[in-house]
Amino acid sequence: MARYKSELIETLTSRGFLHQCTDLEGLDAKAAAGPISAYIGFDATADSLHVGSLVQIMMLRWIQKTGHRPMPLMGGGTTKIGDPSGRDESRKLLDDAMIAANIAGIRRCFDRFLTFGSGPTDAVMLNNAVWLDGLQYIPFLRDVGRHFTINRMLTMDSVKLRLEREQPLTFLEFNYMILQGYDFVELYRRHKITLQLGGSDQWGNIVQGVELGRRIAEAELYGFTCPLITTSSGAKMGKTAAGAVWLNAERVSPYDYYQYWRNTEDADVGRFLKLFTDLPLGEITRMEKLAGNEINEAKKILGFEATRLLHGEAAATEAAETARKTFEQGGIGENLPTIEMTAADFGAGIPAWSLFQKAGLADSNGEARRLIRGGGAKLNDQKLEDENLNVQASAAVNGVIKLSAGKKRHALVKVS
RNA sequence: GGAGGGAUGGCCGAGCGGUCAAUGGCAGCAGACUGUAAAUCUGCCGACUUAUGUCUACGAAGGUUCGAAUCCUUCUCCCUCCA
C-alpha cells in the first residue's frame with residue numbers, strides 16, 4: 001500500500017503536507033536509511049505562535065514521531081531583518097530584549113508538541129543569532145555572497161512581487177534570503193541537518209539554501225514545503241474576529257481554541273483532521289464520509305483532538321464539556337468567560353447594556369446598546385427587549401447571571 | 001539638488017468651503033434560514049446612561065472664514081520623474 005519507503009515521507013504525503021520537494025525520492029531513501037535531522041525556521045516577532053504556524057509545528061511533530069530529529073530554529077538573527085515574502089511593507093524591527101522574550105514564549109508552544117532533550121530523536125531549539133550576530137561582512141560576502149546572483153534573486157517571488165507592485169524593498173530585506181540560505185549550511189555543519197521544511201512561501205529561500213549547501217559544503221540537502229493552508233472559503237487560517245488564534249493559553253483560552261476548531265467549515269473537516277491531529281488515517285476517512293448534521297460529530301473530535309494536543313487531555317475534556325452544556329443543553333458551562341461582581345456593585349440595579357459591556361461581550365456601551373436593539377442579546381437565555389432594563393443582583397440564578405451575545409458568545413457574571 | 005503627486009475611519013477608497021461622523025467596497029457584529037457549517041438575504045457598524053445633545057476624528061502645527069477633510073503657510077513621512 002505504501003508508496004514510499006520511509007515512514008516519514010509516507011506519513012507527510014498521505015496526510016496532505018506535501019506541496020513541493022526538491023528531491024522526493026532522494027529524501028525518501030535517505031529517511032528510510034536512518035534518522036535525519038530536519039529544521040523549520042520561525043520568526044520571533046511575537047511571544048506566541050498562532051494557528052497559522054501549526055502546520056509547520058505538526059510537520060516537526062511527525063518528524064519526531066517517525067523516528068527523526070526535529071529542530072525548530074528561532075530566527076533570532078533574521079528577525080532583525082524581516083522576511084519580505086508575502087508582504088508589501090517592511091516589518092518593524094525589534095530589539096534584542098523583545099526577541100529574547102518572544103523566543104521564550106514560543107518555546108512554551110513547542111513544548112506541547114515536541115519532546116526536547118539530548119537523545120537522538122529529541123528536539124533541540126536553535127537560534128540563528130548564534131552565528132549571524134557575529135558574522136563578518138567582508139568574509140561573508142566573499143564566501144557566501146559570490147554564490148548568489150542578483151539576476152537569480154530578482155526572479156524570486158518574494159522580490160519580484162514587491163518590485164512589480166512598485167513597493168520599496170530595502171537592501172536590508174533583500175539580504176534575508178541569503179541569510180536564510182546560509183542558515184541551512186550552518187545547520188548542516190553544526191548539527192548535520194539535511195532537511196528544511198517550511199510553508200510554500202518559503203520555497204525560494206529553501207532552494208537557495210539547498211544550492212548553497214551543495215556549492216560550499218558539498219552537502220546533499222533537501223527542501224520540503226507544505227501548502228499554504230486556507231479554509232475552503234479562502235480565508236487564511238487562524239484569523240477570527242478577536243484576532244489571531246494564538247497557541248498561548250493566556251491569549252486564547254482552551255475553550256476558545258476548542259470552539260475555533262469546532263466551527264470548522266464542513267469542507268475542511270477531513271483535511272484538518274489529517275493535518276492537525278494525530279488520528280490514524282483510517283479513522284479520518286471514516287469520519288469524512290459523514291454528511292449533513294452528522295459531520296458535527298467529526299468537528300467535535302477535531303476540536304477535542306486539536307485542543308488535547310495543545311492544552312492536554314484535561315483541558316480538552318473541560319472545553320468540550322463546557323461547549324456541550326452551553327450549546328446542547330442551553331445550560332451554563334463552567335468554562336465560559338466570567339466576571340465577578342458583588343451584590344453591592346449592583347446597588348439599585350445596573351442597566352442591561354452596561355452589564356454586557358462589563359462582561360466583555362461589547363467593546364463599548366454604544367455597541368452593547370446596538371446589540372440589544374438588534375435583538376441579539378440574551379440574559380439568562382431570555383431575549384432582551386429593553387436595553388435600559390434594570391438588572392438587579394437578584395437576577396442571578398445560583399449566583400450566576402448568564403449573558404449571551406448571539407448564539408455563540410456567552411459570558412457569566414458571578415454575583416457574590 | 002530640481003519638478004510634480006500623495007497622506008481620509010480596522011483595511012481599500014470617494015469627498016475637494018456649509019446639507020460630512022464623512023458615499024462605496026472588504027472585514028466585523030447581530031437577525032433570518034440551518035447543523036455551533038458554508039452560501040444567501042436583512043439590520044448595525046467613532047465615543048459618551050441615547051441627547052432634533054456633547055465630544056473626538058480626515059498626517060502634524062498654525063492661519064483665513066460666520067463655517068474647513070475641503071482654501072493658505074510651515075513641518076513630517078511616502079511615491080514618481082529629471083539631475
Side-chain angles (χ1 to χ4, degrees), chain A residues 87-90 92 162-170 230-245 255-273 287-288 290-304 306-307 319-333 335-336 345-379 381 383-391 402-411:
Chain A
R87 52 186 72 230
D88 280 345
E89 288 180 15
S90 302
K92 290 194 187 76
R162 195 69 96 70
L163 295 179
E164 274 171 5
R165 297 168 141 209
E166 301 192 340
Q167 298 291 337
L169 175 72
T170 62
T230 56
T231 67
S232 291
S233 27
K236 270 192 192 164
M237 287 292 292
K239 297 286 181 197
T240 66
V245 179
Y255 170 72
D256 286 333
Y257 192 74
Y258 175 90
Q259 282 295 301
Y260 173 76
W261 293 106
R262 172 66 248 271
N263 283 301
T264 296
E265 295 174 27
D266 286 8
D268 293 326
V269 175
R271 195 160 52 105
F272 285 2
L273 280 168
M287 283 190 275
E288 276 178 315
L290 298 173
N293 202 346
E294 292 185 331
I295 201 161
N296 280 319
E297 293 310 313
K299 290 187 190 180
K300 285 179 201 166
I301 290 167
L302 173 61
F304 178 79
T307 309
E321 185 58 14
T322 297
R324 198 183 64 77
K325 277 188 187 156
T326 308
F327 289 98
E328 291 174 26
Q329 302 184 338
I332 291 172
N335 258 20
L336 294 172
D345 290 334
F346 279 85
I350 288 179
W353 51 260
S354 177
L355 208 53
F356 273 82
Q357 191 275 126
K358 284 192 205 316
L361 292 177
D363 287 335
S364 69
N365 292 336
E367 190 182 313
R369 285 173 184 279
R370 279 181 237 120
L371 177 72
I372 299 170
R373 265 184 233 170
K378 291 198 194 102
L379 189 145
D381 298 313
K383 186 171 167 186
L384 274 172
E385 305 289 349
D386 177 12
E387 67 199 57
N388 289 315
L389 179 77
N390 198 269
V391 183
K402 180 184 178 193
L403 302 178
S404 312
K407 285 176 225 155
K408 291 190 204 167
R409 294 158 59 224
H410 306 277

**Q** Contacts to RNA chain B from residues 351-362 of chain A, heavy-atom cutoff under 4.0 Å, which residues?
**A** A/Trp353
**Q** Please check the phosphate of B/G46 (OP1 and OP2 only) for any side-chain N or O of A/Ser364 closer than 4.0 Å.
**A** no
**Q** Both distances under 3.5 Å, Watson-Crick or G-U wobble: report the partner of B/A14, or none.
**A** none
**Q** Closer than 3.5 angstrom, by distance alone: can the side chain of A/Arg409 be matched with the main-chain N or O of A/Leu361 as a donor-acceptor pair?
**A** yes
**Q** Over how many whole Å does the gap from A/Ile301 atom CD1 to B/A37 atom C1' extend?
**A** 16 Å
**Q** In the structure shown, which nucleotide is the Watson-Crick or G-U wobble counterpart of B/U76, with both distances under 3.5 Å?
**A** B/A7
**Q** Would you tabulate the nitrogen or oxygen pairs shorter than 3.5 Å linking the protein to nucleotides 39-41 of chain B?
**A**
none

**Q** Please name the nucleotide paired to B/A30 by Watson-Crick or G-U wobble geometry with both distances under 3.5 Å, or report none.
**A** B/U42
**Q** Is A/Lys300 paired with A/Glu297 through a side-chain N to carboxylate O contact shorter than 4.0 Å?
**A** yes
**Q** Can you tell me the base-pairing partner of B/C58? Count Watson-Crick or G-U wobble geometry only, both distances below 3.5 Å, and say none if there is no partner.
**A** none
**Q** Out of B/A30, B/G35, B/C33, which nucleotide sits closest to the side chain of A/Leu371?
**A** B/A30
**Q** Between protein and nucleic acid, restricted to nucleotides 50-54 of chain B and to nitrogen or oxygen atoms under 3.5 Å apart, what atom pairs and distances do you find?
**A**
{"residue": "B/U50", "atom": "O2", "partner": "A/Arg373", "partner atom": "NH2", "Å": "3.0"}
{"residue": "B/U50", "atom": "N3", "partner": "A/Arg373", "partner atom": "NH2", "Å": "3.1"}

**Q** Report the distance from atom CD of A/Glu297 to atom C1' of B/G35, rounded to the nearest whole Å.
**A** 11 Å
**Q** Which listed nucleotide (B/U36, B/G35, B/A30) is nearest to the side chain of A/Arg262?
**A** B/U36
**Q** Find the distance A/Asp268:CG to B/A38:C1' and express it as a whole number of Å.
**A** 10 Å
**Q** For A/Phe272, which residues count as a ring-ring contact (aromatic ring centres under 6.0 Å, His included) partner, sequence neighbours excluded?
**A** A/Trp261, A/Phe276
**Q** Whom does B/U70 pair with, Watson-Crick or G-U wobble, provided both distances fall under 3.5 Å?
**A** none
**Q** Would you measure the distance from the C1' atom in B/G59 across to the matching atom in B/U76 and give it in whole Å?
**A** 8 Å
**Q** Could you pull out all residues at least two apart from A/Arg271 that satisfy side chain to side chain contact (heavy atoms under 4.5 Å, CB included)?
**A** A/Ile229, A/Ser232, A/Asp268, A/Leu275
**Q** With a 4.0 Å limit, can you tell me whether A/Lys408 has a side-chain N or O closer than that to the phosphate oxygens OP1/OP2 of B/A37?
**A** yes
**Q** Starting at atom CG of A/Asp363, determine the distance to atom C1' of B/G46, rounded to an integer number of angstrom.
**A** 12 Å
**Q** Answer with base, sugar-phosphate or nothing: what part of the nucleic acid does A/Glu328 contact at a heavy-atom distance below 4.0 Å?
**A** nothing
**Q** With P as the reference atom in both, quote the distance from B/G24 to B/C16 in angstrom, rounded to an integer.
**A** 16 Å
**Q** I'd like to check the side chain to side chain contact (heavy atoms under 4.5 Å, CB included) partners of A/Lys378; sequence neighbours left out, ordered by chain and number.
**A** A/Ser404
**Q** Check the distance between B/U36's P and A/Asn293's CG and give it to me in whole angstrom.
**A** 7 Å
**Q** In whole angstrom, give the distance that lies between atom CG of A/Asp266 and atom C1' of B/G35.
**A** 8 Å
**Q** Could you go through the side chain to side chain contact (heavy atoms under 4.5 Å, CB included) check for A/Asp266 and A/Lys299 one step at a time?
**A** CA-CA 8 Å; A/Asp266 286 8; A/Lys299 290 187 190 180; 2.8 Å; yes
**Q** Give the rounded distance in Å between these two atoms: CZ of A/Arg409 and C1' of B/G28.
**A** 10 Å
